[in-house]
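Okay, so here's the structure we're looking at.
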Amino acid sequence: MELRAVVFGGKFSGKTLLINAVFSNNLPQNQKRTAHCQKHQGNVLGRELTLVDTPGWWKHFLLSDTATFLKQELIQGVSLVNPGPHAIILAIEIDIPFEEKHRKAAEDHLKLLGGQIWKYAFVVFTRSHSLRERTIEEHIEHEGKALQWLIEKCGNRYCEFDSTVPNNTSQIKQMLEMIENIVQRNNSCYFQIEAKILEEATEWRETVKTKAKSRELKQLEQGTELDKDELRIALLGWVIAGKSSAGNIILNKQVFVTGQSTVNCYTAHGVVDGRPVTVLDTPSWFKYFPSQFTPPWIMSEILQNQTLTSPHCILLVIPGDTSFKEEQRKVIEENMSFLGEQVWRHTIVLFTWGDILGDLTIEEHIESEGEALQWVIDKCENRYHVFNNEERENRAQVTELFQKIDEMMTRNIFFRPSIEMFGRIPAQDEVNTHSEASSDDSDLQDIVRYVDEEWRRRNKKLLERVTKVEEDMKARLLKSDKSLEFPPNFSGTTLNTKPEDSIEKQEPETEPESCNLNEKKRPLQIKEIKDMFDREWSRREEALMGRVLEMFSELRCDAHSEPTEHDKEKSKLKVTDWLQNQSLGYNSASGSNQSDT
């Protein structure tokens, strides 16, 4: 009897490593992330086995913040095994704290497949070497209610798997026995997704492909020859959108610091494709907060530098790996309105993290997200581009972007905000003056300061933990190559962002008095504000923690593939340099230049 299973889990949870270890495949170094479901088949310990790898979701995100194409891909994964999978494997990395937000994300994403899925589900703990002296049962007990709830939901079915140990037949056998037990428990039945869900998914795919092809043809008609004159580009977008990374890709050098929030406009220059290029990076607005919560100094900084730079093109940077709903459309429209209606004539939407899309075209992503994103694209007269962040050496994507900019420039010279725009942005000293402000204005100013300071406070704490990782890594790298494993107690201390980081439990010495929200004063607003802030922060935390994990995985992969001394030194420098950047902290608006992820 053939055994069939589908592997689900968050990003960086080790799904692909698990599957390759089971089938004894040799992983290529720097393997790309799974963007589409992939089926793997073979004979394992005398049993015919089929495993389906699926794209991971952001573990801190609500289901509503997951891109539509990824949701549909999860459904597609189950349909790849006919007539259906015997088991659903939920991969959870053991070296990261499992909190309520992770439990909620797992539950909501698996709900896409229907309520019967838990009868077939079991947990596989990946990176089990990080347990060290602790048993898996002790780990589950230590993690608390969130993980315990998930284990119970899976019928108390779980096992460990260390993908770094080659040809470990005992752990493979344990996992196969787990699948066989589920088969017996369900009387050889298999999981079947509801026919209606599959039909709707299939119909959705066909509709998206048709509309996407039409949009792609419209953009191809706008092609033009590449000019060689000077080019000035300004980057706009929300926090953790990838503006600074995009600027580095354009200039083909590391000039903007990534991994942090940009707090000052910063201009960098270079020569690209034989032409002088200037790139302006700008402070970010929030993704979920309406524009009135954007600190005034941000819009003032953007306006002043847009006037000084007079960019030929404004790149509105939007991540291609998250959802885009009506609330995001309103946030962008409101923040862009400060620059005047003419700004759209000079704007191109730049999608980042195109590697997450896999072979899904950017047009299919635009059509799948729906009217809100399509409104922004249409507002830019169907001008858009996508960057693959994993292929920075791919200069063709930059050349193609320049061609689109040049085409736009045939109708527009450059952008300069009108003088009237400055009157709409209050100066910073006006924001700090309470005597003449109305009660509502004063409340809004309190909230703006509160959000700004709370972001800095949390960011400081998170970067302090990353600095601890840096110090541990440096010490271990100096000792031996065995130091390329995860540092000890990683899950317990390093990047643990449990209740001490919650807004409800702020530390008095770090919370400015001016940012202390009065719950009695605005009982209807306070919860909404906290919920929006938590959504904003989850993106920052996920981006940083995910990159830390990725760095460790790359080092460990190098260690197990017997790298040369040159390779070892290169990897060590790569990690320490990156960690050094993360420990710079988050300064005030008048502080040093820093950039977003």
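In this chain, numbering begins with 1 at the start of the sequence shown. The figures here come from the full heavy-atom set of this structure, side chains too, leaving out hydrogens, waters and symmetry mates.
Residue pairs that meet the ring-ring contact (aromatic ring centres under 6.0 Å, His included) test with at least one member in residues 164-213, sequence neighbours left out, are Y120-F191. The side-chain hydrogen bond (donor to acceptor under 3.5 Å, both in side chains) contacts involving residues 63-72 comprise D65-Y288, D65-R535, T66-H109, T68-E369, where partners must be two or more places apart or lie in separate chains.
Put simply, CD1 on I362 and CZ on R215 are 10.5 Å apart, with the number rounded to the nearest 0.5 Å. Atom CD1 of residue I117 and atom CD1 of residue I88 lie 4.5 Å apart, to the nearest 0.5 angstrom. The CD1 atom of I92 sits 5.5 Å away from the CG atom of L147 when rounded to the nearest 0.5 Å. Note that SG of C189 and NE2 of H86 are 9.0 Å apart. Values are rounded to the nearest 0.5 Å.
Qualifying salt bridge (Lys or Arg N to Asp or Glu O under 4.0 Å) partners for K104, counting only residues two or more places apart in sequence or in other chains: D108. Evaluation of the side-chain hydrogen bond (donor to acceptor under 3.5 Å, both in side chains) rule for R157 yields no partner, not counting sequence neighbours. Listed by chain and number, the residues in a side-chain hydrogen bond (donor to acceptor under 3.5 Å, both in side chains) with R205 are E73 (sequence neighbours excluded). Among residues two or more places apart in sequence or in another chain, the side-chain contact (heavy atoms from CB on, under 4.5 Å) test is passed with T361 by A212, E363, E364. With sequence neighbours left out, E400 forms a salt bridge (Lys or Arg N to Asp or Glu O under 4.0 Å) with K404. For E100, the side-chain hydrogen bond (donor to acceptor under 3.5 Å, both in side chains) test picks out R103, with sequence neighbours left out. Under the rule for a side-chain contact (heavy atoms from CB on, under 4.5 Å), the partners of E393 that lie at least two apart in sequence or sit in another chain are E391. For E194, there are no salt bridge (Lys or Arg N to Asp or Glu O under 4.0 Å) partners two or more places apart in sequence or in a different chain. Under the salt bridge (Lys or Arg N to Asp or Glu O under 4.0 Å) criterion, K173 pairs with no residue at all, not counting sequence neighbours. Considering only residues two or more places apart in sequence or on other chains, D53 meets the side-chain hydrogen bond (donor to acceptor under 3.5 Å, both in side chains) condition with T16, T34.
Ring geometry for F387 against H385 counts as perpendicular: the plane angle is over 60°, on a 0 to 90° scale with 30° as the lower cut.
In summary, the side chains of E93 and T126 do not present any donor paired with an acceptor at a separation below 3.5 Å, with no hydrogens or angles considered. Using modelled atom types, one finds a donor on one side chain and an acceptor on the other under 3.5 Å when comparing Q374 with E367. Side chain to side chain, S284 and K243 meet the donor-acceptor criterion of an N or O pair below 3.5 Å.
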Original post:
Can you list the steps and then say if W58 with D321 is a side chain to side chain donor-acceptor pair (under 3.5 Å)?
Top reply: CA-CA 9 Å; W58 288 112; D321 63 332; 2.9 Å; yes
**OP:** Please lay out, stage by stage, how K119 and R185 fare under the test side-chain contact (heavy atoms from CB on, under 4.5 Å).
**Re:** CA-CA 9 Å; K119 290 173 53 179; R185 191 179 189 87; over 6 Å; no
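Between K461 and E464 no salt bridge is recorded (no basic side-chain N to carboxylate O distance below 4.0 Å).
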